[in-house]
Number of protein chains: 2
Amino acid sequence: MLSVQPHALRRLDGSATILRCNRDQEIPYRPETAGHWCYLIAGAVRRSTIRPDGRRQILELMLPCDFFFVSDDQGGETVEAIVGPTVLASYPAERVDLLADRDRELARELRAIMSQSLRRTRDQLMVLGGVTAVEKVGWFLLTLEKRASDQKGQVELPITRYDIAEYLSVSVETVCRAITDLQQRGIIALVGTRKVKIMDRAALEERGGTKPQGGKLGLIAA
Amino acid sequence: MLSVQPHALRRLDGSATILRCNRDQEIPYRPETAGHWCYLIAGAVRRSTIRPDGRRQILELMLPCDFFFVSDDQGGETVEAIVGPTVLASYPAERVDLLADRDRELARELRAIMSQSLRRTRDQLMVLGGVTAVEKVGWFLLTLEKRASDQKGQVELPITRYDIAEYLSVSVETVCRAITDLQQRGIIALVGTRKVKIMDRAALEERGGTKPQGGKLGLIAA
DNA sequence: CGGCTGGTTGACGAATCTCAATTTCGGTGG
DNA sequence: CCACCGAAATTGAGATTCGTCAACCAGCCG
C-alpha cells in the first residue's frame with residue numbers, strides 16, 4: 001500500500017489491466033498468474049480472514065492511491081472490494097518481477113511499498129493491542145483523515161460500522177457507543193452517519209494516544 | 001525476518017559486522033548509515049514501542065536465523081536484545097541496496113523477507129484481535145515451537161512472562177493464569193518455568209484456533 | 001407499504017485488568 | 001556450601017470494560 005504513486009511504478013502502466021468490482025466482490029485474478037500488484041483508483045478494498053470462531057478480521061484497508069499485492073494463494077485471506085464501484089489497475093506479478101530485475105529504482109520502490117505496508121500493519125497491531133475502545137475508534141478516525149481527508153478536519157467514512165468493528169476487533173455496538181461518546185464530549189461531530197468532523201483534534205490524539213504516523217516514504221524504512 | 005537463510009544473502013557476508021549485545025541493550029548502529037539489515041545468530045531480539053499509557057507493546061520477535069531490518073530512525077520504535085548474550089551480523093543498508101541493484105536474486109529475496117515479516121505481523125495482529133487469553137498463549141506456544149523447536153513437542157521459552165505479556169497485549173497475570181490453566185487441563189506441562197512440553201497439540205490448536213502458519217517462503221507472497 | 005440492511009441504545013454477564021500478597025528462581029558474596 | 005537479595009512467577013479479590021442478547025429506529029428499494 002502506498003498513497004503516493006512513486007514515479008518508477010509508472011513504467012508498469014503498459015502492462016496494466018483495469019478491473020471493476022462491485023461491493024463484497026473478491027478481486028479477480030487470472031489463475032495462470034502467480035498473483036498481481038494492484039493500484040487502487042477508486043473505492044475501497046479490504047484484506048480479511050475468518051477466525052475459527054467465525055468472525056471476520058480485517059487485516060488491511062486499502063484506499064484510493066494505495067498500492068498492494070494480491071497473491072493468488074492467499075492462504076485463508078481474501079481480498080475484496082468494500083464499496084460500490086471499485087476500480088483498480090492490475091499488474092501481473094511476473095511482469096513486475098521481470099521489470100524490477102532490470103529497473104533498480106522500481107525494485108527499491110517495491111521494497112518501500114512493502115515497508116510502508118508493514119508499518120501500517122504494525123500501527124494497527126499496536127492499536128488492537130491494548131487501548132480502550134474509544135481510543136481505537138479515535139485512532140481510526142485520525143488515520144482515516146490522514147489517508148483520505150475530505151477536507152481538513154472532515155472525514156468521509158467509506159465503510160460501514162461493521163467493517164470498522166472488524167478492522168478494530170471490537171463489536172459493532174462498541175463502535176457505535178464509542179462514536180456516541182466522542183460526540184457527546186464534543187470531540188467529534190457527525191454529519192449524517194458517514195461523515196465526521198473532528199472538533200478537538202488534540203483530545204482525539206491524546207485519548208487515541210497512538211498518533212498514527214502516516215509515514216513518509218523512507219527508502220527502505222522498515 | 002526470515003528463518004531460512006536464502007543463499008543469495010550470503011553474498012553480503014563480506015560486508016558484515018558482528019555485534020554482541022547484552023540484555024535490554026538497544027541494537028547499536030552507526031549514525032552515518034541509513035539503517036542496517038541484521039541476521040540474528042544467537043539470542044533474541046524484540047522490536048517494541050511505548051504506548052501513550054506507558055505500557056510497552058512488542059511488535060515483532062526475532063529468533064536465531066531471522067533476518068530483519070533496523071532503521072536508524074525507528075520513529076518511536078526501539079529494537080533491542082532480550083536475552084543474555086545476543087549475537088548478530090549487521091549489514092549497512094546502503095551496501096545492501098547497492099548489491100541488490102545488481103543482484104536480482106538478492107533483490108527478490110529481500111522482498112521475500114519483508115513479505116514473511118508482513119505475514120507474521122498479520123498473524124500476530126489476528127491473534128491480538130479477538131481470541132481469549134488462553135488462546136493467545138496457546139497460539140504463542142505453537143508459534144514458538146514452529147520457529148524454535150527444542151525437540152519436537154518441547155519449547156524452550158527464550159523470554160520472560162513479561163515479554164510474552166507485552167507481545168500478546170495482556171497482563172502478566174493473565175499469561176500466568178493461562179499457562180496454569182493449560183497445565184491443569186493437561187494440554188501442556190512445564191519443566192521448570194522456562195520449558196514447555198506440548199502434551200495435547202490438537203487441543204492447543206483447536207483452542208488457540210489460529211493455526212499459526214509458519215509460512216513457507218513464497219517468492220513474493222504478500 | 002413492507003422488508004431489509006445499517007445504525008443506535010439498554011441491560012446483563014463474562015473476561016480481563018488492577019492492586020496486593022506470596023512463592024520460586026538465580027545469582028552473589030560471605 | 002549456605003544465606004540472602006532481587007527479579008520473575010504465581011495466586012487471590014475486587015473493579016471495569018467489553019461482548020452478547022435484545023429491542024428499536026432510519027433510510028432505501030422494490
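Values below: every heavy atom of this structure, side chains too, minus hydrogens, waters and symmetry copies.
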**Q.** Aromatic centroids of B:W37 and B:F69 separated by under 6.0 Å
**A.** yes
(Q) List the residues meeting side chain to side chain contact (heavy atoms under 4.5 Å, CB included) with A:T78, not counting sequence neighbours, and say none if there are none. (A) A:E26, A:S48, A:E80
Q) Rounded to the nearest 0.5 Å, how far apart are CG of B:L19 and OH of B:Y39? A) 14.5 Å
Q. Using the ring of each side chain (for Trp, its six-membered ring), is B:Y91 parallel, tilted or perpendicular to B:F67, with breaks at 30° and 60°?
A. parallel
Indicate yes or no: at least one non-hydrogen side-chain atom of [X] is less than 4.5 angstrom from one of [Y].
X      : Y      : value
A:Q154 : A:I198 : no
A:H36  : A:V96  : no
A:E156 : A:V196 : no

Q: Test B:S169 against every option in B:R51, B:K136, B:Q124 by the side-chain hydrogen bond (donor to acceptor under 3.5 Å, both in side chains) rule and name the one that passes.
A: B:R51
Q: Over all heavy atoms of both residues, which pair between A:Y167 and A:L128 is shortest? Give the atoms and the distance, please.
A: O-CD2, 3.8 Å
Q: State, to 0.1 Å, how close A:L157 and A:T193 come at their nearest heavy-atom pair, and which atoms those are.
A: CD1-O, 4.1 Å
Table of protein N/O atoms under 3.5 Å from nucleotides 27-30 of chain D N/O atoms:
none

Q) So what is the end-to-end bend of the helix from C:dC1-D:dG30 to C:dG30-D:dC1, with 5 pairs used at each end and the value given to 10 degrees? A) 30°
Q. What pairs with B:T86 under side-chain hydrogen bond (donor to acceptor under 3.5 Å, both in side chains), at least two apart in sequence or on another chain?
A. none
Q) If you walk 5' to 3' along DNA chain C, what is the first nucleotide with an atom under 4.0 Å of a heavy atom in chain A, and what is the last? A) C:dG6 to C:dA11
Q. If you draw a 6.0 Å radius around CZ in A:R194, do more than 12 non-hydrogen atoms from other residues or ligands fall strictly inside?
A. yes
Q | B/S/- contact track for nucleotides 6-13 of chain D, protein heavy atom under 4.0 Å | A | --SBBBBB
